[in-house]
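For reference, the structure is listed below as structure tokens.
In this text, all values refer to a predicted model and were calculated from it rather than measured experimentally.
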Amino acid sequence: WDAAYERELQTFQDIGDVGEIWFGEESMVRIIRWLEKQKIPLDSSVLDIGTGNGVLLIELAKSGYTDLTGIDYSPSAIQLSEKVREKEGMPNIKLKVEDFLAPSAELSGFEICIDKGTFDAISLNPDNAVGKRKQYVRSLCSVLKPEGFFLITSCNWTKEELLNEFREGFEILEELPTPKFCFGGRIGNSVTALVFQRKK
């Protein structure tokens, strides 16, 4: 990931391109629309898990959200998101190099956690993927307030699989609509987007 974000950082410095927006623009619009529809207060504390280039936080800030934090375990990703934040003039967005599987004590009390592809990336780790997924759920419980919302976008997991992964401590609130495709007479989704609520 460091190498990938170092390339994107260089590209951003050269031509001002922020790089890959995971799952495309519509995935960010989908998240923001849900927050607006639920009338989530604009001062709610939001954590972007695996923020990458930080573009989702920029879009949230443009929509009026004020308490935004992005973490990534790649220092290059955080450097890139800092550059994007500067260019967009959004100094209030907090950015930290942080391993979500071993979160620091100050990472707690968030009302909303958002994940676009980070759980997917952790799941693909060849070294103890099952243990890392369980640790992810434990970390999520420690950073998200009881009754807080967790919005996850995944291209690796179906709705049923995600319900199983997050069954301890979370309940499903809603499945967000994602683009459908048809193959061999069956209709499916290439992406799953779910909203969970942490149990009391």
Side-chain angles (χ1 to χ4, degrees), residues 22-23 27-52 54 56-57 59-61 63-73 92-123 125 128-178 189 191-200:
W22 281 44
F23 305 114
S27 67
M28 296 194 293
V29 172
R30 191 185 307 125
I31 289 165
I32 291 166
R33 268 209 205 110
W34 185 86
L35 295 171
E36 288 170 348
K37 197 177 84 187
Q38 302 302 317
K39 297 185 171 48
I40 301 293
L42 293 174
D43 62 353
S44 299
S45 54
V46 179
L47 176 66
D48 185 17
I49 301 164
T51 197
L56 174 60
L57 294 171
E59 293 304 315
L60 286 165
S63 300
Y65 292 88
T66 56
D67 188 354
L68 301 170
T69 302
I71 60 165
D72 206 295
Y73 82 119
N92 297 339
I93 295 172
K94 296 182 278 301
L95 298 163
K96 295 178 188 156
V97 175
E98 184 90 53
D99 179 358
F100 190 66
L101 297 182
S104 64
E106 70 208 46
L107 214 64
S108 69
F110 287 94
E111 290 156 288
I112 295 147
C113 287
I114 301 173
D115 178 323
K116 277 185 345 85
T118 300
F119 185 70
D120 286 354
I122 286 169
S123 302
N125 191 314
N128 187 19
V130 172
K132 286 187 166 63
R133 292 199 310 266
K134 284 185 171 25
Q135 183 53 50
Y136 181 101
V137 176
R138 283 194 294 272
S139 294
L140 187 61
C141 284
S142 77
V143 303
L144 185 63
K145 280 183 170 173
E147 302 195 304
F149 300 110
F150 172 54
L151 291 83
I152 182 169
T153 305
S154 169
C155 62
N156 288 6
W157 300 94
T158 64
K159 176 184 176 182
E160 290 67 31
E161 289 168 331
L162 287 170
L163 290 178
N164 185 47
E165 291 291 327
F166 291 94
R167 69 188 180 278
E168 283 174 40
F170 296 89
E171 56 195 349
I172 178 88
L173 280 189
E174 198 172 334
E175 179 173 15
L176 302 181
T178 58
N189 297 62
V191 172
T192 304
L194 302 179
V195 181
F196 287 95
Q197 186 166 27
R198 192 180 153 203
K199 294 174 186 169
K200 282 184 188 174

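The six-membered or imidazole ring of Tyr73 lies away from that of Phe100, with a centre-to-centre distance of 6.0 Å or more. Between Phe166 and Phe119, a ring centre-to-centre spacing shorter than 6.0 Å is recorded.
Remark: side-chain polar atoms of Asp115 are not paired, donor with acceptor, to backbone N or O of Ile152 under 3.5 angstrom. Between the side chain of Thr118 and the backbone N or O of Ile49 there is at least one donor-acceptor pair closer than 3.5 Å. In this structure, the side chain of Arg198 does not engage the main chain of Phe150 through any donor-acceptor pair within 3.5 Å.
Here CG of Leu57 is found 12.0 Å from CG of Asn92. Values are rounded to the nearest 0.5 Å. Atom OG1 of Thr66 sits about 11.0 Å away from atom CD1 of Ile93, to the nearest 0.5 Å. Once rounded to the nearest 0.5 Å, the distance linking CG of Leu194 with CG of Leu162 reads 5.5 Å. Taken to the nearest 0.5 Å, the CD1 atom of Ile40 stands 5.0 Å off from the CD1 atom of Ile112. If you take CG on Leu68 and CG on Leu42, they are separated by 10.0 Å, rounding to the nearest 0.5 Å. Arg138 CZ to Glu168 CD: the interatomic distance, rounded to the nearest 0.5 Å, is 9.5 Å.
Nearest heavy atoms, Phe110 versus Ser45: CA-OG, 3.4 Å. Shortest non-hydrogen contact noted between Lys200 and Pro146 is CA-CB, 4.1 Å. The two residues Asp120 and Ser154 come nearest to each other via the heavy atoms OD1-OG, 2.6 Å. For the pair Pro103 and Leu107, the tightest heavy-atom approach, listed with the atom from each and the gap, is CB-CD2, 3.9 Å. The two residues Ser63 and Glu36 have their closest heavy-atom pair at CB-OE2, 4.0 Å. Val143 approaches Cys113 most closely through the heavy-atom pair CG2-SG, 3.8 Å.
Counting non-hydrogen atoms of other residues, nucleotides and ligands closer than 6.0 Å to NZ of Lys134 gives a total of 12 or fewer.
Sequence neighbours left out, the pairs with a member in residues 96-110 that pass salt bridge (charged side-chain N to carboxylate O under 4.0 Å, His left out) are Lys96-Glu106. Identified under the side chain to side chain donor-acceptor pair (under 3.5 Å) test for residues 139-152, with sequence neighbours left out: Gln135-Ser139.
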With side chain to side chain donor-acceptor pair (under 3.5 Å) as the test, would you mind laying out the steps for Thr51 and Asp72 before giving the verdict? CA-CA 6 Å; Thr51 197; Asp72 206 295; over 6 Å; no
Apply side chain to side chain contact (heavy atoms under 4.5 Å, CB included) to residues Asp67 and Lys94 and explain how you reach the verdict. CA-CA 8 Å; Asp67 188 354; Lys94 296 182 278 301; 3.1 Å; yes
Under the criterion side chain to side chain contact (heavy atoms under 4.5 Å, CB included), I'd like the reasoning laid out for Lys116 against Ile31: C-alpha separation, chi angles, the key distance, then a yes or no. CA-CA 10 Å; Lys116 277 185 345 85; Ile31 289 165; 3.7 Å; yes
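Paired with Glu165 under the rule salt bridge (charged side-chain N to carboxylate O under 4.0 Å, His left out), one option of Lys132, Lys159, Arg133 passes, and it is Arg133.
Residues Arg30 and Thr153 are in side-chain contact: their nearest non-hydrogen atoms beyond the backbone lie under 4.5 Å apart. Taking the side chain as every heavy atom from C-beta outward, Ile114 and Leu60 approach each other to under 4.5 Å.
Between Phe170 and Phe196, the ring-plane angle classifies as perpendicular under the 30° and 60° cut-offs.
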